[in-house]
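The structure appears right after this line, and notes come after that.
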Amino acid sequence: MNKALIDLQRNSKATCVIVRTDEYKKLPSVISMKAGVSDSFLFAGVKPPFADKVEAKSKTNELCYFVITGIDEISTERQDRYVALVKDREFNGYFLPENCIIVFTVKDNLALKNVSPQLYHFAVVAF
């Protein structure tokens with residue numbers, strides 16, 4: 001994992017990082033969520049379920065990392081739910097803080113081929 005490359009994405013619009021699943025826990029200030037969560041969980045309520053945790057980490061740390069694990073394990077249609085989060089840094093009316101870096105995880109190098117082309121377009125591979 002190339003942490004320096006990951007940290008360069010700070011304050012960048014329309015970008016995300018892809019790392020191996022077994023490496024993301026080396027990052028500090030992580031908020032994680034599985035990519036395969038249901039739509040009813042993801043779109044329930046006024047704010048997304050991850051919003052409060054992201055806000056708390058972003059206020060107490062210089063950088064925080066919102067990690068969505070196992071993006072390669074779900075269909076491309078379900079992956080595309082996260083395109084607006086990356087492209088606009090917005091999800092269901094909630095805007096990510098400036099110091100939050102979006103990180104997706106994949107099993108290994110071969111699993112990169114399973115990442116949605118729309119999502120991969122915005123990605124920096126950091127391994």
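Small disclaimer: the values here were computed from a predicted structure and weren't measured.
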Donor-acceptor pair, side chain of E90 and main chain of N92, under 3.5 angstrom:
yes

So do K26 and V19 actually touch side chain to side chain, heavy atoms under 4.5 Å?
no

In this structure, would V86 and L8 fall into the same cluster of hydrophobic residues linked by side-chain contacts under 4.5 Å?
no

Do I18 and Y82 share a hydrophobic cluster, counting only Ile, Leu, Val, Met, Phe, Trp and Tyr and linking them when any side-chain heavy atoms are less than 4.5 Å apart?
yes

Going from CG on D22 to OG1 on T69, what distance comes out if it is rounded to the nearest 0.5 angstrom?
12.5 Å

Please tell me whether Y24 and V106 are part of a single hydrophobic cluster in this structure, the criterion being side-chain heavy atoms less than 4.5 Å apart.
no

Would you say S116's side chain and Q79's backbone share a donor-acceptor pair under 3.5 angstrom?
no

Lys/Arg-Asp/Glu bridge criterion (N-O < 4.0 Å) met for R10, E62:
yes

How about M1 and L27: do any of their side-chain heavy atoms sit closer than 4.5 Å?
yes

With side-chain contact (heavy atoms from CB on, under 4.5 Å) as the test, would you mind laying out the steps for C64 and I31 before giving the verdict?
CA-CA 8 Å; C64 70; I31 303 96; 4.2 Å; yes

Restricting to non-hydrogen atoms, name the atom on V37 and the atom on L42 that form the minimum distance, rounded to 0.1 Å.
CG2-CD1, 3.9 Å

To the nearest 0.5 Å, what is the distance between OG1 on T105 and CD on E73?
7.0 Å

Inter-residue atom distance D72.CG - K113.NZ, 0.5 Å rounding
9.5 Å

Pairing donors with acceptors under 3.5 angstrom, does anything connect the side chains of Q9 and Y65?
no

Counting distance only, does the side-chain N/O of S12 pair as donor-acceptor with the main-chain N or O of T15 below 3.5 Å?
no

Can you measure from CZ (R89) to CG (L96) and round to the nearest 0.5 angstrom?
5.0 Å

Heavy-atom side-chain proximity of D88 to V83 below 4.5 angstrom:
no

Does any non-hydrogen side-chain atom of L63 lie less than 4.5 Å from one of S29?
no

Exercise: identify the closest heavy-atom pair between P28 and K3:
CD-CE, 3.7 Å

About how many Å separate NE2 of H121 and SG of C16, when rounded to the nearest 0.5 Å?
10.5 Å

Tell me whether E98 is salt-bridged to K13, with the criterion being a basic N under 4.0 Å from an acidic carboxylate O.
yes

Do M33 and F43 sit in one hydrophobic cluster, given that two such residues count as connected whenever their side-chain heavy atoms are within less than 4.5 Å of each other, even indirectly?
yes

Aromatic contact, F104 with F66 (centres under 6.0 Å)
no

Sole candidate of L112, D108, L5, N2 that passes side chain to side chain contact (heavy atoms under 4.5 Å, CB included) when paired with F127
L112

Measuring only between side-chain heavy atoms, which start at C-beta, is K25 closer than 4.5 Å to V67?
no

For the residue pair F50 and Y94, does the interplanar ring angle fall in the parallel (under 30°), tilted (30 to 60°) or perpendicular (over 60°) class?
perpendicular

Is there a path of hydrophobic side-chain contacts, each under 4.5 Å between heavy atoms of I/L/V/M/F/W/Y residues, joining V17 to V125?
no

Apply side-chain contact (heavy atoms from CB on, under 4.5 Å) to V30 and V103, showing your working.
CA-CA 10 Å; V30 168; V103 179; over 6 Å; no

So that I can tick it off, tell me whether D52 and K47 are bridged by a salt bridge, with the cut-off set at under 4.0 angstrom between side-chain N and carboxylate O.
yes

Atom CZ of R81 and atom CD1 of I74: how far apart are they, to the nearest 0.5 Å?
5.5 Å

How about OH on Y120, more than 12 heavy atoms from neighbouring residues, nucleotides or ligands closer than 6.0 Å, or not?
no

